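Read the numbers this way: they start at 1 and go in the same order the structure lists the ligands and their atoms. All values reported here derive from a predicted model rather than from experimental measurement.
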Amino acid sequence: MEQLHCHGCGVLLQSTDPESRGYIPEMKDTGKPLYCKRCFSIRHYNKLTKVDIDDNDFRKMLHTIGETDNLVVTLVDALDFNGTWVNGLERYVNGNPIHVLVNKVDLLPQSLKPVKIEHWIRRRLKAIGIKVAGVQLISAEKKHGIDEAVNEINRLRKGRNVYIVGTTNVGKSTFINALLQSYGEQIADPITTSYFPGTTLDFIEIALDDNTSLFDTPGIIQPGQLTHYLEYTDFKYIIPKKELKAVGFQLKSNQSLYVGSCAQFDIFTEEPISVTTFYNNTIKIHRGKQEKSQEFYEQHKGELLQPIQSPLPENFNHRKRYELRTNHDKTSIYVSGLGWTTIHAKNIDVSVYVPDGVDVYMVEALI
Ligand SMILES: Nc1nc2c(ncn2[C@@H]2O[C@H](COP(=O)(O)OP(=O)(O)OP(=O)(O)O)[C@@H](O)[C@H]2O)c(=O)[nH]1
Ligand SMILES: [Mg+2]
């Protein structure tokens, strides 16, 4: 019998085990796209049935991309560039050209000039030593920059297949739905998208013409992103829906900033200093004395330090400390998957505490 795949996530369909991935009660080829039980509940009830996802499987799939001549389009999250860049991408693609789409630019402050964002991204790429075919800014959700991206992809692919790759949740499937729409396709039957990481489970092939296709691929898991440690019910507190608003603070000497219960910045300075924070507006930023800042955290996490309620995920009890020293006039310290804090002075020592496993990185400020 022909093997059928889910139109929403690419998984191989089966109707024998309701508890396993790819389950569909009845496997009837009606000519219409079929969706597995999991995609059905995400699409209609925004409810996720968890499946075991094996990142190694996804990485193996990525390796197959390097076996043929094609164009690789990688999406990154404009709010978490380093945290959503697939490490070792150049090894997977094996010489194929890489085009970068910087997604979710609708969440950056709208006063920022696109050309400034693009130059900043190019400097980030240079810093990790990657040569790319191009960089474009898009918002897959708001459908900004889609036609331009489609034209550029068509130019760069030179009649070859296209693979859309990236870490989970960067918006690959949302982009492909937007792309299909810009081709004038009816998208009554879209690919499944959701804010749960690991929505797409296998390659999804979309024919571009008689000979070539575009492929959606499962996202690579970046365990350094805070969202991997939170309950899905907490995502709404962390993931912004609207443009981020900068919130400024004047810190007196040696103070601490708490980003809810999720991060703590101890900033060591004799002089007063300006700091700007960029986090979802539901997160309370608390400023306090640095003296006994650890005790303060232990006492107030999940309570005063909101929004994540007690009981907190286990790794909030085992925090990791990063010791950093700012190296630009404006340096941004990112907590992957959460947001960033910009310090407006060079050579300032900062200790950052985050739940164990979460990545922290420092770059020259974009804003
Ligand atoms: N604000 C904003 N949200 C977006 C944008 N694009 C995608 N999203 C949201 O990001 C989440 C993830 O989108 P998906 O398209 O499922 O991401 P994916 O990269 O296919 O994820 P996996 O299949 O898990 O690898 C969804 O909640 C989308 O609504 C965007 O341009 N702006
Ligand atoms: Mg997807």
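In this structure, a donor-acceptor pair under 3.5 Å is present between the side chains of T200 and S173. With 3.5 Å as the limit, one finds a donor-acceptor pair spanning the side chains of Q294 and Y353. In this model, a donor atom of one side chain and an acceptor atom of the other lie less than 3.5 Å apart for Q264 and R319. A donor-acceptor contact under 3.5 angstrom links the side chains of S336 and D80, judged on distance only.
Here K172 does not pair with D216 in a salt bridge; the nearest charged N to carboxylate O distance is not below 4.0 Å.
Shortest contact from atom 25 (O) of ligand 1 to any protein heavy atom: K172 NZ, 2.8 Å. For atom 6 (N) of ligand 1, the closest non-hydrogen atom on the protein side is N103 ND2, 3.1 Å. The protein heavy-atom contact nearest to atom 17 (O) of ligand 1 is G171 N, 3.2 Å. Counting protein heavy atoms only, atom 30 (C) of ligand 1 is closest to E141 CB, 3.3 Å. Annotation: atom 10 (O) of ligand 1 to nearest protein heavy atom, K104 NZ, 3.2 Å. Here the protein heavy atom with the shortest distance to atom 7 (C) of ligand 1 is T174 OG1, 3.5 Å. In terms of protein heavy-atom proximity, atom 1 (N) of ligand 1 is closest to D106 OD2, 3.0 Å. When only non-hydrogen protein atoms are considered, atom 21 (O) of ligand 1 lies nearest to N169 N, 3.0 Å.
Between K142 and ligand 1, no N or O atom pair is found at a separation short of 3.5 Å. Taking any N or O of T200, backbone or side chain, at least one lies under 3.5 Å from an N or O belonging to ligand 1. At a 3.5 angstrom cut-off on N or O pairs, P197 does not count as close to ligand 1. Residue-to-ligand polar distances place A140 within reach of ligand 1: an N/O pair is separated by less than 3.5 Å. On a distance-only criterion, S139 and ligand 1 share at least one N/O pair closer than 3.5 Å.
With ligand atoms numbered from 1 in the order given, ligand 1 contributes 1 (N) to contacts under 4.0 Å with heavy atoms of L107. Near V170, the atoms of ligand 1 lying under 4.0 angstrom from a non-hydrogen atom of the residue are 19 (O). Close approach of ligand 1 to Y195 (heavy-atom distance below 4.0 Å) involves ligand atoms 26 (C), 27 (O). Close approach of ligand 1 to T199 is summarised as follows: ligand atoms under 4.0 Å from at least one heavy atom of the residue are 22 (P), 23 (O), 24 (O).
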_Apply side-chain hydrogen bond (donor to acceptor under 3.5 Å, both in side chains) to residues D266 and S256 and explain how you reach the verdict._
CA-CA 4 Å; D266 286 357; S256 296; 2.6 Å; yes
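Not one N/O/S atom of T193, from backbone or side chain, sits under 2.8 Å from the Mg ion (ligand 2). Backbone or side-chain N, O or S atoms of T199 do not reach the Mg ion (ligand 2) at under 2.8 Å.
Shown are T84, V105, L244, L338; of these, the side chain to side chain contact (heavy atoms under 4.5 Å, CB included) with L79 is made only by L244.
Although no hydrogens or angles enter the test, the distance criterion places a donor-acceptor pair under 3.5 Å between the side chain of Q255 and the main chain of K252. Checked by atom type and distance alone, the side chain of K37 pairs as donor or acceptor with a backbone atom of P18 at under 3.5 Å. No donor-acceptor distance shorter than 3.5 angstrom exists from the side chain of H328 to the backbone of K346, with no hydrogens or angles considered.
Within the model, atoms CG of L366 and OG1 of T342 stand 8.5 Å from one another, a figure rounded to the nearest 0.5 Å.
Taking the six-membered ring where the residue is Trp, F40 and H44 present tilted rings, their angle falling between 30° and 60°.
When non-hydrogen atoms are compared, ligand 1 lies under 4.0 Å from neither the backbone nor the side chain of I239.
The closest heavy-atom contact to atom 12 (C) of ligand 1, among the options G219, S194, G198, comes from S194.
Note that K320 lies in the cation-pi zone of Y322, set by a 6.0 Å cut-off to the ring centre and a 45° limit from the axis.
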